[in-house]
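I have placed the structure first, in the form of structure tokens, so that the comments after it can refer back to it.
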Amino acid sequence: MMLKGELWSNLGSTMAAIMFVYAMFRQYFPPQLQDYIFQYGKKLSNFMYPYIHITFDEFTGEKIKKSEAFSAIQNYLSDKSSANAKRLKADVVKDSQSLVLSMDYNEEITDEFNGVKLWWSANRTTTKTQQFSFYPAADEKRFYTLKFHNRHREVITGTYLSHVLKQGKAIAANNRQRKLYSNGAGQGNRSSTTWTHVAFEHPATFDTLAMDEKKIREIKKDLVTFSNGKEYYAKIGKAWKRGYLLYGPPGTGKSTMVAAMANFLNYDVYDLELTTVKNNVELRRLLIETSNKSIIVIEDIDCSLDLTGQREEKKKKKKDDKNEGGDPIGAMSKNEERKESEVTLSGLLNFIDGIWSACGGERIIVFTTNHVEKLDPALIRRGRMDKHIEMSYCRFEAFKVLAKNYLDIDSHPLFEEIGNLLEETDMTPADVAENLMLTSDDDEEGETCLKNLIEALKAAKGEAKKKAEDYHARLEAEKEEKEKEQTVEDNVRRDPISAKQVKDNEIIL
Ligand SMILES: Nc1ncnc2c1ncn2[C@@H]1O[C@H](COP(=O)(O)OP(=O)(O)OP(=O)(O)O)[C@@H](O)[C@H]1O
Ligand SMILES: [Mg+2]
């Protein structure tokens with residue numbers, strides 16, 4: 001057996017010989033002959049190694065967007081690898097019940113298509129970032145590689161790859177466990193926010209939503225038209241997205257409506273917490289990372305951002321800057337303070353209908369608020385928020401849905417009284433529902449709940465009446481006070497000297 005040292009010295013001399021021959025070849029052979037030889041050389045190498053490799057990276061562009069092809073291949077291979085690969089990774093999907101197996105890194109599996117044999121492998125490379133840190137962030141690149149014989153090039157690039165993508169998407173639709181994403185702080189030393197997800201398992205549907213039936217039908221129709229509207233949106237040249245504004249008092253079912261929408265369309269939900277987003281750039285990054293078929297929700301938009309305030313602040317800033325004309329240092333320190341302004345209204349608007357909003361498609365953006373009047377009109381104008389839905393107090397129609405859901409009854413002698421009370425009293429569906437919650441499986445329990453509800457409604461009515469009376473009494477008192485002040489002012493205008501004497505006397509007394 002050849003020794004290791006001998007092997008290296010032989011290899012070294014062979015390399016030197018090859019380099020020497022190559023240098024002579026470049027110098028003394030005419031260029032045409034060189035091309036000719038290269039062409040044949042390539043043919044010879046193809047003959048010796050006739051395989052082609054295609055790489056499918058996880059991200060497209062500058063790590064901006066996850067590649068759809070990668071996800072489809074992942075699903076396609078998960079099906080193949082459970083039978084083929086020796087090392088597998090497991091993931092829980094679909095109602096957290098079933099396991100999906102996929103091939104582990106550096107594992108290779110064989111596939112066959114119309115008698116053609118090909119090989120898939122899963123790979124990853126890790127490069128450490130150069131920044132100095134105690135926890136250097138590793139930059140991981142994941143990709144799949146497909147290897148096949150040169151002679152099958154047409155079959156593979158033509159039919160096989162589209163077959164893989166189609167199958168992968170079908171498997172994804174089948175296994176789809178919908179997700180609820182939220183933006184939290186990144187792990188390790190990364191301070192920027194990223195999406196983290198859990199399984200989305202909210203049970204709300206349009207059938208359990210207590211709301212006017214006509215309104216629900218209209219919303220469902222709107223959602224269906226949107227989700228089938230790919231061609232239509234392309235035809236009219238609009239990004240494939242739709243904005244919903246849900247407004248109404250607390251406990252009227254705005255968040256429940258979002259869950260019902262997601263369940264109806266089978267979409268993921270991205271719960272975007274604006275207060276944790278540092279700036280507009282981060283907002284844009286987060287929004288671009290959202291996937292198709294998703295609902296992006298910004299709850300309580302009026303509390304998340306001082307939207308109108310930001311605008312006013314800008315106007316003020318302009319004014320300040322003008323006033324500070326000769327004091328650049330003062331202006332700079334004020335700018336420093338303003339750096340905390342985080343996400344701005346214009347940043348948000350830019351994303352809603354700016355050029356970036358067209359990335360992806362099939363997205364619904366929902367804003368919820370308790371105070372629609374506080375919102376900047378620019379934010380909720382039609383076209384941005386296409387549909388404004390008012391969620392309001394529980395009336396008889398909505399009550400019937402709750403009674404059916406909570407007590408499983410369609411009618412009851414007490415319904416009439418409840419109907420009348422609901423027309424006169426503003427009670428939220430959340431409060432009505434609270435009264436209808438069964439606490440035991442006693443047969444009489446349903447009726448007890450209805451009676452409790454009647455009591456609660458009467459109490460709320462009494463309270464509302466008292467509040468209204470107090471309010472009117474306060475208004476009356478304010479009016480009287482104003483009238484008194486007005487009389488004094490009139491007296492001063494008519495006879496200033498004696499009015500002053502009266503006032504002075506009042507003070508002395
Ligand atoms: N229209 C409704 N239909 C069915 N259930 C409702 C409805 N409105 C409220 N509820 C019940 O009340 C609870 C609170 O409702 P939800 O969180 O959707 O209200 P909200 O309008 O989002 O309130 P907030 O403005 O405080 O966020 C829900 O868990 C749900 O059970
Ligand atoms: Mg809510």
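Read the numbers this way: they start at 1 and go in the same order the structure lists the ligands and their atoms. On a predicted model such as this, the values are computed, not experimentally measured, just so you know.
- Protein heavy atom closest to atom 27 (O) of ligand 1, with residue, atom name and distance, is Ser255 OG, 4.0 Å.
- Relative ring orientation between Phe415 and His412 is described as tilted, the plane-to-plane angle lying within the 30° to 60° band.
- A donor-acceptor pair under 3.5 Å is formed between the side chain of Lys215 and the backbone N or O of Glu390.
- Ranking the protein heavy atoms by distance from atom 31 (O) of ligand 1 puts Tyr406 OH, 3.7 Å first.
- Listed by atom number, the atoms of ligand 1 under 4.0 Å from Asn370 heavy atoms are 25 (O).
- A salt bridge does not link Asp426 with Lys461: every distance from a Lys NZ or Arg NE/NH1/NH2 to an Asp or Glu carboxylate oxygen is 4.0 Å or more.
- With hydrogens and angles left out, the side-chain atoms of Thr369 and Asp302 include a donor and acceptor closer than 3.5 Å.
- Here Ser255 meets the criterion, with an N, O or S atom under 2.8 Å of the Mg ion (ligand 2).
- Electrostatic pairing of Glu455 and Lys451 does not count as a salt bridge here, judged by no charged N lying under 4.0 Å from a carboxylate O.
- Between Tyr233 and Phe226, the ring planes lie perpendicular to each other; the angle is over 60°, past the 30° to 60° tilted range.
- Residue contact check: Leu402 has heavy atoms under 4.0 Å from atoms 4 (C) of ligand 1.
- Note: an N/O pair closer than 3.5 Å links Lys254 and ligand 1 by distance alone.
- The protein heavy-atom contact nearest to atom 26 (O) of ligand 1 is Pro250 CB, 3.5 Å.
- Between the side chains of Asn123 and Arg142, no donor N or O sits under 3.5 Å from an acceptor N or O.
- Annotation: Ala210 places an N or O atom under 3.5 Å from an N or O atom of ligand 1; distance criterion only.
- Scanning the protein for heavy atoms near atom 23 (O) of ligand 1, the closest one is Gly251 N, 2.9 Å.
- Note: Phe143 and Phe70 fail the aromatic proximity criterion, with ring centroids not under 6.0 Å apart.
- In this structure, Asp222 pairs ionically with Arg242, as a charged nitrogen and a carboxylate oxygen lie closer than 4.0 Å.
- Within ligand 1, the atoms closer than 4.0 Å to a non-hydrogen atom of Thr208 are 3 (N), 4 (C), numbered from 1 in the order shown.
- From the protein, the heavy atom lying nearest to atom 7 (C) of ligand 1 is Pro429 CB, 3.4 Å.
- Looking at atom 19 (O) of ligand 1, its nearest protein heavy atom turns out to be Gly253 N, 3.3 Å.
- Donor-acceptor pairing under 3.5 Å is lacking for the side chains of Glu58 and Tyr144.
- Between Thr256 and ligand 1, at least one pair of N/O atoms sits closer than 3.5 Å.
- Ligand 1 lies out of reach of Tyr247, whose nearest heavy atom is not under 4.0 Å from it.
- Of all protein heavy atoms, the one closest to atom 11 (C) of ligand 1 is Ala430 CA, 4.0 Å.
- Residue-to-ligand polar distances keep Ala433 apart from ligand 1: every N/O pair is separated by 3.5 Å or more.
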